[in-house]
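All of these numbers come straight from a predicted model, not from anything done at the bench. By convention in this document, chain letters (A, B, ...) are assigned in the order of the sequence lines, proteins followed by strands, and residues within each chain are numbered from 1.
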There are 2 protein chains.
Amino acid sequence: MPDTRLGTPEIYADLQHRLLTGGFAPGAKLMPSALHTEYGCSANTVRDVLLQLSKIGLVEFEIQRGFRARNVSIQKRAEIARFRVLLEQEGAVASMCNGGLEWESALAAAHHRLMHIEKQFARTQDTIPFVGIWSDAELAFHRTLLSECRLPPLQETFDNVYMQFRQQMVGLESNCVPSYFHRIIQEHQAIVDAATAKDEAALRSAIQNHQARHTERDVSATR
Amino acid sequence: MPDTRLGTPEIYADLQHRLLTGGFAPGAKLMPSALHTEYGCSANTVRDVLLQLSKIGLVEFEIQRGFRARNVSIQKRAEIARFRVLLEQEGAVASMCNGGLEWESALAAAHHRLMHIEKQFARTQDTIPFVGIWSDAELAFHRTLLSECRLPPLQETFDNVYMQFRQQMVGLESNCVPSYFHRIIQEHQAIVDAATAKDEAALRSAIQNHQARHTERDVSATR
DNA sequence: ATTTTTCAGAATATCAAAATTTTGAGGGAG
DNA sequence: CTCCCTCAAAATTTTGATATTCTGAAAAAT
């Protein structure tokens with residue numbers, strides 16, 4: 001798409017964005033030899049970027065077999081969602097214990113910003129360009145939630161899992177219903193309330209409920 | 001070291017092994033242009049392998065600044081250890097709930113194999129060649145512990161974290177005292193006992209105790 | 001004396017082409 | 001009809017060379 005000469009970071013960002021917004025069909029082959037013309041660079045450069053993207057789980061890499069956009073399935077989304085809940089519960093509880101007033105304030109600020117975007121969202125029909133900025137704001141909110149947990153490895157893992165989860169979402173549901181966002185606003189509010197009240201059990205429940213739609217175990221699937 | 005022509009998987013395995021056994025000083029620069037002669041391949045091939053190793057956290061990669069063996073510190077080891085405990089507790093408890101007799105048996109088998117190696121270990125002075133096989137057996141034991149948790153993302157993350165933890169260990173303590181292994185045998189036994197007894201609280205404690213030496217928070221470090 | 005600039009050496013990123021491997025279709029043998 | 005073998009097209013990996021960027025020390029300026 002872009003016609004100017006791009007550096008590796010730009011190619012990385014663009015490919016990540018496409019992966020996260022349905023720019024590639026799930027499981028689609030990602031061929032450096034095909035993509036390099038789009039970015040006006042060599043195939044090897046695309047290969048490097050794809051290798052880096054496989055690091056965060058958005059791209060599957062198999063030796064001698066190239067790259068693919070990660071496959072999606074209800075089962076896989078459920079596994080990722082349950083792992084995400086696990087990480088977020090532990091991280092949020094730790095943040096709640098460590099974090100002081102400045103953490104609560106940051107959380108309130110992130111939530112306010114997110115609500116503002118979500119309200120704009122509900123008013124607009126043209127949802128496509130909004131998913132990107134909404135997702136950034138939601139990620140910022142959840143990052144703030146974990147920001148004081150003092151476990152960098154958990155935070156890094158959460159970032160990856162969050163993006164993998166998002167990839168599963170857009171791969172499985174191409175359209176976003178507006179009522180969906182109403183529920184999400186309430187769920188975020190419950191998280192903020194529990195964190196502010198320093199109620200560990202409530203915080204865990206709120207985080208669990210936030211993903212309840214996706215964590216149900218699918219007994220029919222044989223994986 | 002090897003004089004025959006090596007494929008990428010062999011180079012990957014060898015570099016991983018060196019990273020995990022102190023073959024590189026912590027923070028040491030890993031230059032494709034220097035390593036490619038050792039493996040009889042081009043610098044770019046080494047670069048690819050290092051990119052893949054950075055995926056599991058053993059190698060740090062910064063754009064335009066190359067690769068480094070990951071740095072070690074008491075602080076970093078503590079963070080990794082605490083994250084490891086968290087993952088292992090959740091994974092083991094889930095495995096205990098899901099796993100049946102075949103899981104208990106597999107766990108007992110992995111533990112028996114590990115004990116056998118540990119006893120040989122205590123008898124030998126020449127510890128260096130043993131650390132590799134002991135570590136493989138210990139990893140197998142902990143993998144078995146999580147094998148029935150039905151959370152593939154957690155299992156993958158645990159593998160990475162386990163290796164990062166090992167890297168911190170060998171980077172911080174070059175010598176392994178034999179008494180160290182006596183304690184570890186008992187700690188593993190406690191994990192097996194709790195899992196067999198289906199005692200969730202005891203299992204969590206046993207896993208926590210297994211890393212207790214490393215999870216202490218270092219208040220003096222300002223990170 | 002401290003800071004800034006310059007400059008060569010070294011290391012990294014990128015490239016286009018060659019070598020290797022995989023894939024899939026077509027043709028024979030059982 | 002099925003299975004296996006062969007072979008050519010396509011894709012991936014590797015290579016060696018080129019271009020860009022970084023590093024550190026010496027020189028110049030404040």
Side-chain angles (χ1 to χ4, degrees), chain A residues 1-19 23-72 167, chain B residues 1-19 23-72 167:
Chain A
M1 224 42 158
D3 48 278
T4 92
R5 191 59 133 279
L6 257 23
T8 302
E10 283 85 1
I11 299 175
Y12 183 96
D14 189 67
L15 277 176
Q16 180 177 28
H17 182 259
R18 289 170 73 175
L19 254 355
F24 296 109
K29 221 157 182 328
L30 268 24
M31 295 189 299
S33 48
L35 288 166
H36 82 108
T37 58
E38 293 188 42
Y39 292 106
C41 68
S42 86
N44 242 335
T45 302
V46 176
R47 180 187 158 82
D48 267 25
V49 174
L50 255 13
L51 265 177
Q52 295 188 53
L53 281 168
S54 79
K55 178 155 76 173
I56 59 177
L58 261 31
V59 167
E60 289 171 343
F61 169 71
E62 206 174 351
I63 196 165
Q64 297 284 32
R65 208 149 297 184
F67 304 91
R68 286 179 177 282
R70 196 156 185 215
N71 253 314
V72 301
Q167 184 182 39
Chain B
M1 219 47 156
D3 48 278
T4 92
R5 191 58 133 280
L6 258 23
T8 301
E10 283 86 0
I11 299 175
Y12 182 96
D14 188 68
L15 277 175
Q16 180 178 28
H17 181 260
R18 290 170 74 174
L19 255 353
F24 297 109
K29 221 160 183 320
L30 303 172
M31 294 188 299
S33 50
L35 289 165
H36 82 109
T37 57
E38 293 188 42
Y39 292 107
C41 66
S42 87
N44 250 347
T45 302
V46 176
R47 179 186 158 83
D48 267 24
V49 173
L50 288 173
L51 266 177
Q52 296 187 52
L53 280 168
S54 78
K55 178 156 73 172
I56 60 177
L58 260 32
V59 166
E60 288 171 343
F61 168 71
E62 206 174 352
I63 195 164
Q64 297 284 31
R65 207 150 298 186
F67 304 92
R68 284 178 178 282
R70 197 159 184 212
N71 252 314
V72 302
Q167 184 182 39

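Rounded to a whole Å, the CG atom of L35(A) is 16 Å from the P atom of dT14(C). One atom, OH of Y39(B), and another, P of dT15(D), lie 14 Å apart when rounded to the nearest Å. Following rounding to the nearest Å, L51(B) (CG) and dT12(C) (P) show an atom-to-atom distance of 12 Å. In this structure, D48(A) places its CG atom 13 Å from P of dT12(C), rounding to the nearest Å. Distance Y12(B) OH to dT13(D) P: 15 Å, rounded to the nearest Å. Rounded to a whole Å, the NE2 atom of H36(B) is 13 Å from the C1' atom of dA17(D).
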Would you be so kind as to tabulate the donor-acceptor pairs closer than 3.5 Å made by side chains of residues 64-72 of chain B, with sequence neighbours excluded?
| unit_1 | atom_1 | unit_2 | atom_2 | d |
| --- | --- | --- | --- | --- |
| R68(B) | NH1 | G27(B) | O | 2.8 |
| R70(B) | NH1 | Q164(B) | OE1 | 2.8 |

I'd like a table of donor-acceptor pairs (distance under 3.5 Å, sequence neighbours excluded) in which one partner is a side-chain atom from residues 43-58 of chain B, with atom names and distances.
| unit_1 | atom_1 | unit_2 | atom_2 | d |
| --- | --- | --- | --- | --- |
| T45(B) | OG1 | S42(B) | OG | 3.4 |
| R47(B) | NE | D48(A) | OD2 | 2.8 |
| R47(B) | NH2 | D48(A) | OD2 | 2.5 |
| D48(B) | OD2 | R47(A) | NE | 2.8 |
| D48(B) | OD2 | R47(A) | NH2 | 2.4 |
| S54(B) | OG | K55(A) | NZ | 3.4 |
| S54(B) | OG | L51(B) | O | 2.7 |
| K55(B) | NZ | S54(A) | OG | 3.4 |

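Taking CG of L35(A) as the reference point, atom CE of M31(A) lies at 8.0 Å (rounded to 0.5 Å). Residue H17(A) holds its NE2 atom at 14.0 Å from OH of Y12(A), rounded to the nearest 0.5 Å.
Within 3.5 Å, a donor on the side chain of N44(B) pairs with an acceptor on the base of dT14(C), or the reverse.
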Could you list all N or O pairs between the protein and nucleotides 10-12 of chain D that sit under 3.5 Å apart?
| unit_1 | atom_1 | unit_2 | atom_2 | d |
| --- | --- | --- | --- | --- |
| dT12(D) | OP1 | K29(A) | NZ | 3.0 |

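The residues R18(A) and E38(A) are annotated as salt-bridged, a charged nitrogen and a carboxylate oxygen being separated by less than 4.0 angstrom.
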